[in-house]
There are 2 protein chains.
Amino acid sequence: MPVDFTFGAFKTTVHVSRELPRIEGIAADSGTAAGFFRPLIICDEHTVPITDAVCGAAFPRCVLKSGESNKGWLAVETILRAAREAGLGRDGVFVGVGGGVIGDLAAFAASIYMRGCGLALVSTTLLGMVDAGVGGKTGFDLFGVKNLAGTFYPARHVYMPLESLSALPLPEWKSGFAELIKTAVLAGDDFLDELQALAAAFPAGAFVSGFGRNSGFPPDFASRLLEGDAGRLRRCISRAVEFKGCVVEADPRETGQTRMLLNLGHTFAHALESTAGLGTISHGEAVAWGLVRACELGLALGITPRARAEKIKNLVMRYGYETAAPHSLAGDTETFIKALNADKKKKAGNLTFIVPDEKNARMFTAASGADMDTIKQTARGALSF
Amino acid sequence: MPVDFTFGAFKTTVHVSRELPRIEGIAADSGTAAGFFRPLIICDEHTVPITDAVCGAAFPRCVLKSGESNKGWLAVETILRAAREAGLGRDGVFVGVGGGVIGDLAAFAASIYMRGCGLALVSTTLLGMVDAGVGGKTGFDLFGVKNLAGTFYPARHVYMPLESLSALPLPEWKSGFAELIKTAVLAGDDFLDELQALAAAFPAGAFVSGFGRNSGFPPDFASRLLEGDAGRLRRCISRAVEFKGCVVEADPRETGQTRMLLNLGHTFAHALESTAGLGTISHGEAVAWGLVRACELGLALGITPRARAEKIKNLVMRYGYETAAPHSLAGDTETFIKALNADKKKKAGNLTFIVPDEKNARMFTAASGADMDTIKQTARGALSF
């Protein structure tokens with residue numbers, strides 16, 4: 001069943017399904033009069049086969065290079081040029097087919113093309129489904145800072161075909177799981193328990209050696225993703241979509257205190273991605289590492305109970321993530337703190353962090369020198385538990 | 001008295017005044033807690049003296065090259081880099097000091113910096129006051145197309161210090177008067193009459209030789225702008241602000257039929273600016289020329305009464321604009337039609353035009369080959385009256 005959300009002036013309908021959507025359905029959903037549907041298909045090297053299955057070769061298509069390191073203005077300009085060359089007007093529809101990077105780029109380009117054209121997204125990765133695809137944040141990297149430039153521009157329709165997950169390589173899975181764990185911390189312990197059970201449904205060693213094509217992925221796993229034990233994954237995706245959608249409905253442009261909660265783990269993660277060099281470490285690996293730092297910070301501040309911090313850290317480790325600090329890609333402490341200080345979400349010049357509390361999570365603003373010392377200790381591993 | 005408008009989720013307060021605003025007042029208006037006002041001042045070569053008067057040298061400043069030909073991504077990136085280097089967070093405030101180009105660029109950059117930071121504009125030109133400064137359209141030129149990329153992002157506060165007009169060179173005056181005439185056509189004949197009277201208040205020959213500094217501008221004119229006969233100008237500016245603000249309140253993102261009306265003269269104007277080469281002809285010269293084309297089109301279609309078309313054309317000529325078609329910078333008819341066809345505001349693939357009607361103006365969609373023939377005739381001067 002499609003789920004509808006209202007994000008300020010925008011409406012988004014999310015379609016979680018087994019099969020890929022067909023372009024005829026996307027056209028019908030777009031509400032364009034018959035014969036006037038003018039799409040630009042945006043995908044990357046990896047999602048060309050999925051794109052072929054969605055719409056054949058009948059529509060103008062813009063194929064971008066994959067990966068975070070190509071998420072710059074050049075990619076945005078490439079999309080805008082393709083739209084211009086295809087003669088799209090403001091009533092054209094950008095259709096992004098891919099993961100978080102393609103979603104962010106296609107949505108940003110749609111938000112500025114002629115001051116905003118139509119937008120639909122086909123999320124083909126776990127990250128796209130549980131996080132990036134819903135909520136309207138768009139953006140690209142600039143001056144080495146992740147998503148320094150961006151807009152709020154929710155897609156009218158987001159398609160989440162679970163089928164597309166079966167070929168996903170390990171790093172993409174891990175990007176998604178980290179956001180799922182983050183969501184579960186925010187939503188409460190029974191979601192954490194569900195993720196613990198989900199981990200058990202995956203083949204032994206999957207989180208180390210992978211479960212996608214070319215990585216020892218068992219042949220029946222695609223169907224198990226959707227039914228039986230692994231049907232849990234579908235439930236977890238739907239639950240994450242519902243949770244994020246409701247948070248964003250409450251605070252679409254992050255002007256209040258609600259949407260910021262989704263930033264759990266991300267202040268540390270963005271700084272790590274930045275010091276490592278954008279694209280060097282997957283967003284999920286960074287978020288997972290950041291989640292554990294947030295637990296350490298919360299413990300030191302007396303906000304996170306030790307049992308909860310341990311539950312979260314154990315789950316992060318169960319999914320095969322590196323959790324130790326200092327991180328080998330974080331540079332020295334001063335470099336890392338400098339990267340932290342470039343964070344977008346400062347309040348009156350002070351860094352803010354989301355830290356787990358008894359049941360969910362809450363915001364903490366680092367307003368004093370002592371706070372910053374605690375954060376430095378976290379970064380260099382002095383608060384490991 | 002400041003005037004408040006609500007544009008969708010945004011609020012804009014417009015301050016028409018005699019004197020320049022001071023940065024202390026801008027800080028207070030911004031609502032930032034005392035001591036936490038973090039501005040980036042954005043101006044161009046021409047508005048440096050005004051900027052000095054507004055805020056001295058105490059704040060980080062980004063000085064752009066002047067003119068439409070510098071209104072590209074490079075200028076946007078320059079602003080974003082300055083903001084990044086100044087360490088601005090999302091709670092920073094971009095303060096644009098200048099005309100339409102600076103306003104569009106500063107506002108676009110503000111709309112994407114960390115997905116949207118604070119924004120105040122000081123409109124120093126007539127165009128900025130009567131048109132570009134109010135309503136939230138931002139943008140920059142790309143692939144030779146004016147404002148191909150942009151967003152809707154209304155400034156929280158817009159300051160319109162009439163004092164800054166006294167040094168305005170002739171082309172800038174003419175850019176503003178064209179938008180004033182356009183607004184008057186939309187608002188009704190008594191506003192047209194007021195503009196007729198306003199023209200009489202200017203010194204003889206002013207619309208040919210200029211009335212700004214270094215162009216025979218009478219010494220008492222600055223005060224006459226604000227009082228006496230020329231106090232009409234202040235009334236006309238306030239009236240245009242009110243009219244435009246109300247139109248945009250009714251249809252902030254131009255998704256309905258209302259805001260499109262402001263496009264009167266602009267479909268032809270944008271095509272002319274594009275064929276001439278962006279920056280070759282002032283926006284106002286192009287809009288004035290486009291207004292007369294819109295009258296011709298309306299006459300041919302039986303939408304514009306002949307007496308009204310003549311009244312509008314006479315006013316355009318009274319303000320010293322070139323009205324003849326074909327325009328020497330428009331290229332041949334095929335080139336011009338190609339430029340028209342790149343217009344952003346197509347409906348289902350068809351060009352749309354706003355044409356004057358009995359009292360105001362209405363939308364016309366060129367849906368048939370015969371319609372396009374009429375438009376071609378207009379472009380090559382076959383419908384001159």
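Below, chain A is the first sequence line, B the second, and so on; all start at residue 1.
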Name the region of B:Ala149, side chain, backbone, both or neither, that has any atom closer than 4.5 Å to a heavy atom of chain A.
-> both

Any side-chain donor paired with an acceptor under 3.5 Å for A:Lys11 and A:Thr6?
-> yes

In plain terms, say whether A:Arg156 and A:Asp29 are close enough for a salt bridge, that is, a side-chain N and a carboxylate O under 4.0 Å apart.
-> no

Interchain contact, B:Phe37 with chain A, by part (heavy-atom threshold 4.5 Å) | neither

Would B:Thr365 and B:Asn350 satisfy side chain to side chain donor-acceptor pair (under 3.5 Å), going step by step from the backbone distance to the final call?
-> CA-CA 6 Å; B:Thr365 302; B:Asn350 294 316; over 6 Å; no

Taking A:Thr151 for its side chain and A:Tyr153 for its backbone only, find out whether a donor-acceptor pair lies under 3.5 Å.
-> no

Worked verdict on A:Asn147 versus A:Lys137 for side chain to side chain donor-acceptor pair (under 3.5 Å) = CA-CA 9 Å; A:Asn147 294 328; A:Lys137 285 197 178 177; over 6 Å; no

Residue by residue, which of residues 75-83 of chain A have a heavy atom closer than 4.5 Å to a heavy atom belonging to chain B?
-> A:Glu77, A:Leu80, A:Arg81

What part of A:Leu88 gets closer than 4.5 Å to chain B, counting heavy atoms only: side chain, backbone, both or neither?
-> neither

May I ask you to check whether A:Phe353 and A:Phe268 place their ring centers less than 6.0 Å from one another?
-> yes

Donor-acceptor contact present, side-chain A:Arg259 to main-chain A:Pro252, <3.5 Å = yes

Non-hydrogen atoms of chain A under 4.5 Å away: do they reach the side chain of B:Arg84, the backbone, both or neither?
-> side chain

Salt bridge B:Lys244-B:Asp131, side-chain N to carboxylate O under 4.0 Å = yes

Side chain, backbone, both or neither: which part of B:Thr138 has an atom under 4.5 Å from a heavy atom of chain A?
-> backbone

Does B:Asp371 reach the main-chain N or O of B:Ser368 with its side chain, forming a donor-acceptor pair under 3.5 Å?
-> yes

Could you walk me through whether B:Glu273 and B:His283 pass the side chain to side chain donor-acceptor pair (under 3.5 Å) test, one step at a time?
-> CA-CA 7 Å; B:Glu273 289 179 88; B:His283 182 58; 2.9 Å; yes

In terms of heavy-atom pairs under 4.5 Å with chain A, which of B:Arg38, B:Glu254, B:Arg90 leads?
-> B:Arg90

Considering all heavy atoms of both residues, which atom of B:Arg253 and which atom of A:Arg115 are nearest to each other, and what is their separation?
-> NH2-O, 4.3 Å

Any chance you could lay out the ring-ring contact (aromatic ring centres under 6.0 Å, His included) test for A:Phe7 and A:Phe152, step after step, and finish with the verdict?
-> CA-CA 10 Å; A:Phe7 303 138; A:Phe152 290 93; over 10 Å; no

Could you tell me which residues in residues 102-111 of chain B have at least one non-hydrogen atom under 4.5 Å from a non-hydrogen atom of chain A, sorted by residue number?
-> B:Phe108, B:Ser111

